[in-house]
Amino acid sequence: MPQTQTILALDGGGTHTRVALITRHDARVLAHATGPGCNPYDRAEWANNLHTLLRALPHTGLCAAVLGMAGYDAARPSSHQQRDVARAALGPDIPLELENDVQTAHRGAFAGGAGVFVLAGTGSVAQASTQDGRTTRAGGWGWLFGDEGGGYWIGCRALNHAARFLDDPDVTFAPFARAVLHTLGLPTQGANAPDALREWLRTREHPRSAVGDVATTVHSLATAHDPHALAILHAAGTHLAELARTACHGLGTGTGTGTGTTPEHASVQTMPDLPWSYGGSVMNNPLVRARVAAMLGQPATPPTLPPLGGAALRAAQLAGWEVDAAWVHALSLTLLAQKTQP
């Protein structure tokens, strides 16, 4: 019986990494696995996380592998290490490419076409690409001095409200702060309440991801019409729209807000030449997405494929497969069914 031909696709973010084997003829997910993030700027154990996931799937019949990874840039020393780890896990003979995760997500969203992609998971970044191959990125600076509008940024704003409430229980946002603390299983009053919040952060296995996960609470409270949760998500959407406009500005196909204009006071500015799409847990929130759409002056184009599908498309090309619209459609259905997208 002929051996099943497969490609390996990986979507490696700061919090989660997803990997799948895709078959040639029916775009079926033959196997998949999920593990912790593999961003070398964020996790000391990234190499072990990456190696473990790549070794978790069978390599027989593997024709090519493409890894979309947070923090990747071919010129960076850390990216050389990412490639070395991947090569050691997959062996010397498998055709292999690594790329930045927003590039992978962009390809998936537009099935290789032109557009502006806003990626907001734990962090945030935007990429704009034209039909003639020009590409620019904006954002992706990391949690210390960037990633505005991402999950970590949202979680930080929520925890800042909680900390200020613990200093002064009479603040106007007390109900929101209490709800955040309650979700974390932390006390909202008493002499030990401040230390409980500090200890919660200290004892997290990966503090950045833990703070980013607080964004889920903000999303829930916003759905319940909490005004402070809504304000945080409104600001997040404004920041993310600013990233999209900045990326377009680099191509000369859109305009930025101009020096000195804060996102909170930015006016609606359209991107007439390019559609925009989205990915990541934050952008999957309809409230955030609606704010970005309002700021950009046009509705989003739903992504054709999740980020993992973008890696699969490139891997299929690398393997020399012929990929048509039917194969792409089958891939989108199988990835959704296997819950391999964020």
Side-chain angles (χ1 to χ4, degrees), residues 13-17 34-49 70-71 120-125 139-240 263-264 280-282 285 287-288 342:
T15 299
H16 302 289
T17 303
T34 302
C38 55
N39 187 343
Y41 289 85
D42 184 46
R43 287 183 178 266
E45 78 285 8
W46 70 268
N48 181 66
N49 293 344
T122 306
S124 64
V125 62
W141 287 103
W143 60 279
L144 280 175
F145 49 87
D147 283 349
E148 295 89 348
Y152 179 85
W153 183 92
I154 292 170
C156 271
R157 298 303 168 287
L159 291 171
N160 174 260
H161 280 66
R164 290 164 60 195
F165 161 75
L166 292 175
D167 283 339
D168 179 8
D170 293 327
V171 292
T172 58
F173 47 82
F176 171 78
R178 283 195 292 266
V180 171
L181 291 168
H182 176 75
T183 302
L184 298 177
L186 299 174
T188 60
Q189 58 185 345
N192 294 328
D195 279 341
L197 178 56
R198 295 186 181 97
E199 284 298 293
W200 172 84
L201 183 61
R202 185 187 67 82
T203 56
R204 297 310 92 186
E205 181 178 356
H206 189 252
R208 178 172 176 260
S209 295
V211 172
D213 287 342
V214 177
T216 302
T217 297
V218 179
H219 295 322
S220 298
L221 292 172
T223 301
H225 307 293
D226 181 284
H228 303 287
L230 288 168
I232 290 174
L233 295 188
H234 183 277
T238 304
H239 280 299
L240 296 170
E264 289 75 9
S281 56
V282 173
N285 182 288
L287 298 172
V288 175

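Starting from 1, each residue takes its place in the sequence as its number.
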Salt bridge (charged side-chain N to carboxylate O under 4.0 Å, His left out) partners of Arg164, counting only residues at least two apart: none

Can you see which heavy atom on Val214 is nearest to which on Gly155, and at what distance? CB-CA, 3.9 Å

Under 3.5 Å donor-acceptor pairs involving side-chain atoms of residues 194-202, not counting sequence neighbours:
residue : atom : partner : partner atom : Å
Asp195  : OD1  : Arg198  : NH1          : 3.1
Glu199  : OE1  : Arg202  : NE           : 3.0
Glu199  : OE1  : Arg202  : NH2          : 2.7
Glu199  : OE2  : Arg202  : NE           : 3.0

Nearest non-hydrogen partners of Pro169 and Ala174, listed with the distance: O-CB, 3.7 Å

Who pairs with Ser124 by side-chain hydrogen bond (donor to acceptor under 3.5 Å, both in side chains), at least two apart in sequence or on another chain? none

With sequence neighbours excluded, residues passing ring pair (Phe, Tyr, Trp, His ring centres under 6.0 Å) with Phe165: none

So, for Ala222 and Ala229, which heavy atoms are closest and what is the spacing to 0.1 Å? N-CB, 3.5 Å

The criterion is side-chain contact (heavy atoms from CB on, under 4.5 Å); which residues satisfy it with Ala231, sequence neighbours excluded? none

Which pairs, with at least one residue in residues 140-157 and sequence neighbours excluded, count as a salt bridge (Lys or Arg N to Asp or Glu O under 4.0 Å)? Asp147-Arg208

Heavy atoms only: give me the nearest Trp153-Ala235 pair and the separation to one decimal. CH2-CB, 3.8 Å

With sequence neighbours excluded, what pairs up with Ala70 under the side-chain contact (heavy atoms from CB on, under 4.5 Å) test? Asn39, Asp101

Member of Leu233, Thr122, Ile154 meeting the side chain to side chain contact (heavy atoms under 4.5 Å, CB included) criterion with Val282: Ile154

Can you give me the closest heavy-atom contact between Ala120 and Gly149, atom names plus distance? CB-O, 4.4 Å

Can you name the closest pair of heavy atoms from Pro36 and Asn49 and give their distance? CB-ND2, 3.6 Å

Quick one: which residue pairs count as a side chain to side chain donor-acceptor pair (under 3.5 Å) with a foot in residues 211-232, not counting sequence neighbours? His219-Asn285

Which pairs count as side chain to side chain donor-acceptor pair (under 3.5 Å) when at least one residue sits in residues 168-193, sequence neighbours excluded? none

